[in-house]
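Whatever order the structure lists them in is the order used to number ligands and atoms, beginning at 1.
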Amino acid sequence: MTPQKDKLTIQGGIPVRSKPFPGWPVWDEREEKALLDTLHSGIWGAAGEESQVDLFEGEFAQAHQAKYGRCVFNGTAALEVSLRAINIDYGDEVIVPAYTFLATATACLMVGAIPVFVDIDPNTYNLDPDKIEAALTPRTRAIIPVHIGGNPADMDRINEIAHRHHLWVIEDACQAHGAAWKGQRVGAIGDLGCFSFQSSKNINAGEGGIILTNNEELAEMCWSIRNCGRIRQGKWYQHEVLGGNFRMTAWQAAILHAQLSRFEELARRREENGLYLAECLAQVDGFQPLARDERVTQHGYHLFICRYDSAAFNGLPRQSFLEALQAEGIPCSEGYLPLYRMKAIQDGTRRLKHFLSQEDQAKTEPDCPVTERACYSEGVWFTQTMLLGTHADIDDIVTAVMKVKHLSPEL
Ligand SMILES: Cc1ncc(COP(=O)(O)O)c(C=O)c1O
C-alpha cells in the first residue's frame, strides 16, 4: 500500500485496479428453488398464516430480537404504515435528520405531518441528540433516527429524550439490517423500526420492506393498516381501520427467506473488511471513516462513509478527488444533498404550513451546518459490495486514496 509514483489515471497513468468489486445481488439454487416452490404453490399473494410472508416476517423479527414483524411492499411504505400506526395526524411534527434518503421525510408529508430537520453529529452523520430538544414544539409527536449507512444512532439518548417528552420513536433502519447497539439488534429498540429490501440493500428482493416492534398493539395496527384496514377476526369485507393495501407478495418473501439464509455470513465478511478498511485508513490524514460509537456492537455496513478534508489533499475539491479515485478503479460517490433543499420537500411542507403559528414556523427553519458540510464538501461513500471481497480488494481502495493524495498537487 505504498503511494505510487506514476501518474494519476485521469492524467494518463495506470489505474490501481482494473477488475470490478463483487457484484450484487448474489443468489444461487436457494433463490431458484424458493421462486419455483412459490410458483407451484399457487399462493402468490400474502394469504394465510403459513404463507411465505408470515414465515419470513417471523424469521426476520427473530434475527433482530424483535417480537413482531410486519412485511410491506417497500421501506417507504414501512415508514408510512408506522406513522399511521401511531396515529400521526395532519399538522403534527416529526423530528428527522437532515442527512438521509428522501423517504424518511416524504413518509411524514404523505400522512400530513411536517418533517422537522435536525442537524447530524459531525462524527457519525447520525441525528445529533444534542440538537433535538431545541427543535421540539407542542406539535412534535415522534422522532425518526436513521441508522445511516448501517451505523446505529445513539439510541440511549434518543429514547431518553423521547420518553421525557412523550414522543414515539420510529427507527429508520432501512440501511441497517443486522446492525446492533449494545448487543441489541436495531429495529425494536425504539417503538417501531423500518427496513428496506430494495435492490441495493444488504438483504434484497428488488423491492420490499418490514416493520419490527415489541409492542403487540402496534403490531396489530400495522397488520390492519397494511391490509386494507381489516382486523384478524373480522370478515373479509369488514374494514375497521383506515388503511390501504401495503402488502408484500409471496415472491418477495420467498426471495427474502433465501437471502436471509446467507445474510449472517455476508454480514460477518462486511464487518471484518469494514474494520480492516478503517484500520488501514487510520494512516491517511484527511480521509477518515465516520466514527463508530463504542456501544455499536455490529455495524450494518450498507455504506462505508468517509470524511474528506480537501485541505489535507492540497486543496483538491471533493468532486475532483471523486473523479480521480473513480478513474483508479474505485467506485465512490458524494452521497446525499440536504433534504430541506429538495423542491419536493419544500412544496410538500408549504402545503402544511397553515397548521403552524409564526413562532413555530421560525422554529422549523432548518439550521444544519454539519449536513451542509457533509453534503457539499466532506462525505464520500463506498457501497456494501466493496466490503464483500478480500483484504487485497480493501488494500486497493487505500492504495488509490493514497495515490490521489500523493499526486494531487499535480491536478
Ligand atoms: C434511510 C432510508 N430510508 C428509507 C428508504 C426507503 O426504502 P425503499 O426504497 O424500500 O422504499 C431507504 C431506501 O433507500 C433508505 O435508505
Side-chain angles (χ1 to χ4, degrees), residues 24-25 56-57 60 69-84 94-111 113 115 117-118 120 124-127 142-153 155 158 169-179 186-187 190 192-212 222 226 244-249 251-253 255-256 259 290 299-305 333-340 342 344-345 348 371 374-375 379 381-385:
W24 195 252
F56 173 72
E57 61 188 21
F60 188 86
R70 297 290 178 253
C71 285
V72 290
F73 52 68
N74 62 33
T76 307
L79 287 162
E80 197 175 316
V81 170
S82 296
L83 288 161
R84 289 185 187 281
V94 179
I95 301 290
V96 298
Y99 188 85
T100 174
F101 181 61
L102 177 91
T104 317
T106 51
C108 303
L109 290 166
M110 296 298 268
V111 302
F117 295 102
V118 168
I120 50 174
T124 63
Y125 287 5
N126 278 325
L127 183 62
I143 306 175
I144 308 186
V146 181
H147 306 305
I148 211 74
N151 191 20
M155 290 308 295
I158 291 164
V169 175
I170 300 175
E171 292 171 68
D172 183 335
C174 283
Q175 302 179 358
H177 314 73
V186 299
L192 294 148
C194 302
F195 293 79
S196 163
F197 304 119
Q198 168 270 345
S199 306
S200 69
K201 298 302 186 303
N202 298 15
I203 298 179
N204 150 40
E207 300 288 352
I210 195 169
I211 303 160
L212 298 184
C222 292
R226 75 156 180 208
N245 180 354
F246 293 91
R247 295 186 300 257
M248 175 183 271
T249 67
W251 304 105
Q252 291 168 290
I255 292 277
L256 290 169
Q259 293 270 303
L290 290 177
H299 193 308
Y301 280 125
H302 176 59
L303 298 168
F304 189 101
I305 305 180
S333 65
E334 62 181 7
Y336 295 129
L337 295 169
L339 265 194
Y340 46 83
M342 299 290 127
I345 301 283
T371 299
C375 293
W381 288 12
F382 301 118
T383 57
Q384 54 100 359
T385 58

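- Listed by chain and residue number, Y125, Y336 satisfy the ring-ring contact (aromatic ring centres under 6.0 Å, His included) test with Y99 (two or more places apart in sequence, or in another chain).
- Shortest non-hydrogen contact noted between A113 and P115 is O-CD, 3.5 Å.
- Each of N74, G75, T76, L79, T100, F101, A103, T104, V146, D172, C174, Q175, S196, Q198, K201, G208 has a non-hydrogen atom positioned under 4.0 Å from some atom of ligand 1.
- Every residue two or more places apart in sequence or in another chain that forms a ring-ring contact (aromatic ring centres under 6.0 Å, His included) with F73 is listed here: F246.
- Qualifying ring-ring contact (aromatic ring centres under 6.0 Å, His included) partners for H177, counting only residues two or more places apart in sequence or in other chains: F195, F197.
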>> Working note: I143 + L127, criterion side-chain contact (heavy atoms from CB on, under 4.5 Å); need CA distance, chi angles, decisive distance, verdict.
In response: CA-CA 10 Å; I143 306 175; L127 183 62; 3.7 Å; yes
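- Ring geometry, F60 versus F56: the interplanar angle falls from 30° to 60°, so the pair is classed tilted.
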